[in-house]
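Naming: A, B, ... by sequence-line order, numbering from 1 per chain. As the structure is a prediction and not an experimental result, all values here were calculated from the model.
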There are 2 protein chains.
Amino acid sequence: MEIYKGEKKRWYLEKHPIAHHFSFRVEEFIEVREYQRDEWIIQEGMRPDFLFYVIEGKAKIYVTHQNGKVSLINFINENDYIGEMELLNDEYYTKGIQALTKTICFALPFLHYRKRLLEDAKFLRELTKFLSGKATHMAAKYTQSLAFPLENRLADFILQTADEGIYKEKHVMVCDYLGISYRHLLHVLSQFCEKNYLQKDGRNFRIKQYQSLNELAEVLKSK
Amino acid sequence: MEIYKGEKKRWYLEKHPIAHHFSFRVEEFIEVREYQRDEWIIQEGMRPDFLFYVIEGKAKIYVTHQNGKVSLINFINENDYIGEMELLNDEYYTKGIQALTKTICFALPFLHYRKRLLEDAKFLRELTKFLSGKATHMAAKYTQSLAFPLENRLADFILQTADEGIYKEKHVMVCDYLGISYRHLLHVLSQFCEKNYLQKDGRNFRIKQYQSLNELAEVLKSK
DNA sequence: TGAATAATATGAGATATCTCCTATTTTAGA
DNA sequence: TCTAAAATAGGAGATATCTCATATTATTCA
C-alpha cells in the first residue's frame with residue numbers, strides 16, 4: 001500500500017471531487033491510498049480505522065466460514081464505500097477486502113471524522129442510498145441463488161463480465177462468487193460449449209449465442 | 001386494514017413514542033394502521049405512498065420470480081421500517097409485504113414527509129443502521145445458503161423459532177424462506193427425528209437434543 | 001532457469017435437492 | 001354441516017451439485 005503525498009495527492013483530490021458528499025471540508029485529514037492487485041485493503045476480522053471511498057479500481061469482499069469454505073460476497077467498484085459497516089456499528093464481524101486490480105481510494109480516519117459524519121445529513125443521505133442498493137442487491141442474489149440452477153446465474157455472470165464478447169474470468173474466483181464447486185463450473189461451461197453458446201478459445205470463451213445466454217439470464221429477473 | 005382514529009390513535013402514539021427518530025414533529029400527518037394476519041401491507045410491484053414503521057406484529061417480504069417460484073426474502077419485526085427502499089430510490093422493484101400476525105404500524109405519507117426525512121440527520125442515521133443491518137443479514141444468509149446444506153440452516157431456523165422447546169412453523173412458509181422444496185424439508189425433518197434430535201408430536205416437533213442442533217447451527221457462523 | 005505454486009482439465013461415484021404423483025388430514029368458508 | 005382448499009405425508013426417479021483423485025499446463029519467484 002502506498003500513500004500519495006504532495007502533488008500526486010492533490011491531483012487525485014482534484015480529479016475526483018467528493019466535496020458534494022459532505023457538508024464540511026474533509027481534505028484536512030484525508031489520505032489518498034493505492035493498493036496493488038491482490039493486496040488486502042482490510043483483513044478479515046480486523047476492524048478498520050478508516051472509511052474508504054473507492055475512486056479507481058475494483059475489489060472483492062470475502063468471508064471465511066467455519067468449515068473453511070470461502071465466499072466471495074460481492075465486488076466493490078468505483079464510487080463504493082468500504083468500512084461503512086464499522087463506521088455505523090460497534091458490533092460487526094469485519095469481512096476481508098482484497099483488491100482485484102490496482103485500487104485507489106480516499107481514506108477518512110474515523111478518529112477525526114466519525115462524529116461529524118454521523119451528524120451530516122448530506123453524507124448520510126448518500127450512505128442510505130448506497131446501503132439500500134447493497135441490501136437490495138444481496139437480497140436479489142440470495143433469492144436467485146435459491147430459485148435457479150447455476151446455468152441461469154452463470155449466463156448472467158458471463159454477460160456481465162464479458163469484454164468485447166470474450167469471457168475470461170478466473171474459474172476459482174467465479175466458484176467463490178457463485179458459491180459452487182470448481183468441478184461443477186467446468187461441467188456447466190462445457191455444456192454451454194456443447195450447445196454452442198460459447199466457444200472455447202485457449203483459456204477464454206467466446207460468446208457465440210448472445211441470445212441464448214440472454215434468455216437464461218433474463219429468467220432471473222422478477223416479474 | 002383499519003386506520004385508528006381519536007383515542008385509539010393517541011394511545012398508540014403515546015405507547016410507542018418515535019419522536020426520538022426525527023428532529024421534527026411527525027404527528028400531524030401520521031396514520032396508525034392495523035393489518036390483519038395474511039393481509040398484504042404492500043402488494044408486489046405497487047409502489048407504496050407511505051413509510052411504515054412497525055410497532056407490533058410480524059410480517060414477511062416476498063418476491064415472485066419469472067418461473068413462478070416464490071421467495072420469502074425475510075421477516076419484518078417490531079421496530080423495522082417498510083417502504084424505505086421506495087423512499088430513497090425512484091427506481092426500485094417493490095416487494096410484497098404480508099402480515100404474518102396482526103400488525104400495527106405507523107404510516108408516514110411520502111407526500112408530506114419525504115423531503116424533510118431526507119434532510120433529517122437523526123432519521124437518516126437511524127435508517128443507515130437499519131439498512132446496514134439488513135445488508136449484513138442478507139449477505140450472511142446468502143453465503144450460508146451456498147456454503148451449507150439444509151441440515152445446518154434448518155437447525156438454526158428451528159432453534160430461532162422454537163417456542164418453549166416446540167417447533168411448529170408451517171412447512172410451506174419454511175420452504176419459501178429456506179428456498180427448498182416441500183419434499184426435501186420433510187426428508188430432513190424426518191432425518192432429525194430418526195437421529196432423535198426432534199420428536200414428532202402431532203403436527204409439532206419437540207426438541208430432544210438441543211446440543212446436536214446447536215452444533216449444526218454453530219457451523220454457520222463465520223470464524 | 002528450475003522448482004514450487006496456481007490454474008486448468010476430466011473421470012467416477014456420492015449426496016443434496018428437485019419434480020411429479022398420490023393420499024390423508026385439517027381448516028375455512030358457504 | 002358440508003365441501004373446497006390448504007396442509008401434511010411419503011414413494012420413486014431425475015438432476016444439480018459435491019467430493020475426491022489425478023494429470024497437465026501456466027505462472028511466479030528465488
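Within the cation-pi definition used here (under 6.0 Å to the ring centroid, within 45° of the axis), Lys102(A) does not qualify as a partner of Tyr35(A).
When distances run from any side-chain atom of Lys170(B) to the nucleotides dT19(D), dT8(D), dC18(C), the shortest one goes to dT8(D). Side-chain atoms of His171(A) lie closest to dT8(C) of the nucleotides dT8(C), dT17(C), dA7(D). Distances were taken from every side-chain heavy atom of Lys200(A) (C-beta onward) to each of dA16(C), dC20(C), dA9(C); the shortest belongs to dA9(C). For His184(A), counting side-chain heavy atoms from C-beta on, the closest listed nucleotide (dT8(D), dT17(D), dT17(C)) is dT17(D). For Tyr182(B), counting side-chain heavy atoms from C-beta on, the closest listed nucleotide (dA9(C), dC20(C), dT8(D)) is dT8(D). Between dA7(C), dT17(C), dT8(D), one nucleotide has an atom nearer to the side chain of Arg203(A) than all others, and that is dA7(C).
Atoms CG (Asn204(A)) and P (dA9(C)) sit 10 Å apart, rounded to a whole Å. Rounded to an integer number of Å, the gap from Gln191(A) CD to dA9(C) P is 16 Å. Between Asp176(A) atom CG and dA7(C) atom P the separation is 10 Å, expressed in whole Å. dA6(D) atom P lies 20 Å from atom CD of Glu169(B), rounded to whole Å. Distance, Arg183(A) CZ to dT15(C) P: 18 Å, rounded to whole Å. Distance, His187(B) NE2 to dA16(C) C1': 10 Å, rounded to whole Å. As a whole-Å value, the separation of Leu150(B) CG from dC18(C) C1' is 13 Å. Distance Gln36(B) CD to dA28(C) P: 14 Å, rounded to the nearest Å.
Between Tyr12(B) and Tyr4(B), a ring centre-to-centre spacing shorter than 6.0 Å is recorded. Here His65(A) and Phe148(B) bring their ring centres to under 6.0 angstrom of each other. With ring centers used as reference points, Tyr53(A) lies under 6.0 Å from His21(A).
With DNA chain C read from its 5' end, the first of the two nearest nucleotides for Ser190(A) and Lys69(B) is the one closest to Ser190(A).
When heavy atoms are screened at a 4.0 angstrom cut-off, Leu186(A) is found touching base atoms of the nucleic acid.
Shown are Tyr167(A), Phe205(A), Tyr197(A); of these, the ring pair (Phe, Tyr, Trp, His ring centres under 6.0 Å) with Phe192(A) is made only by Tyr197(A).
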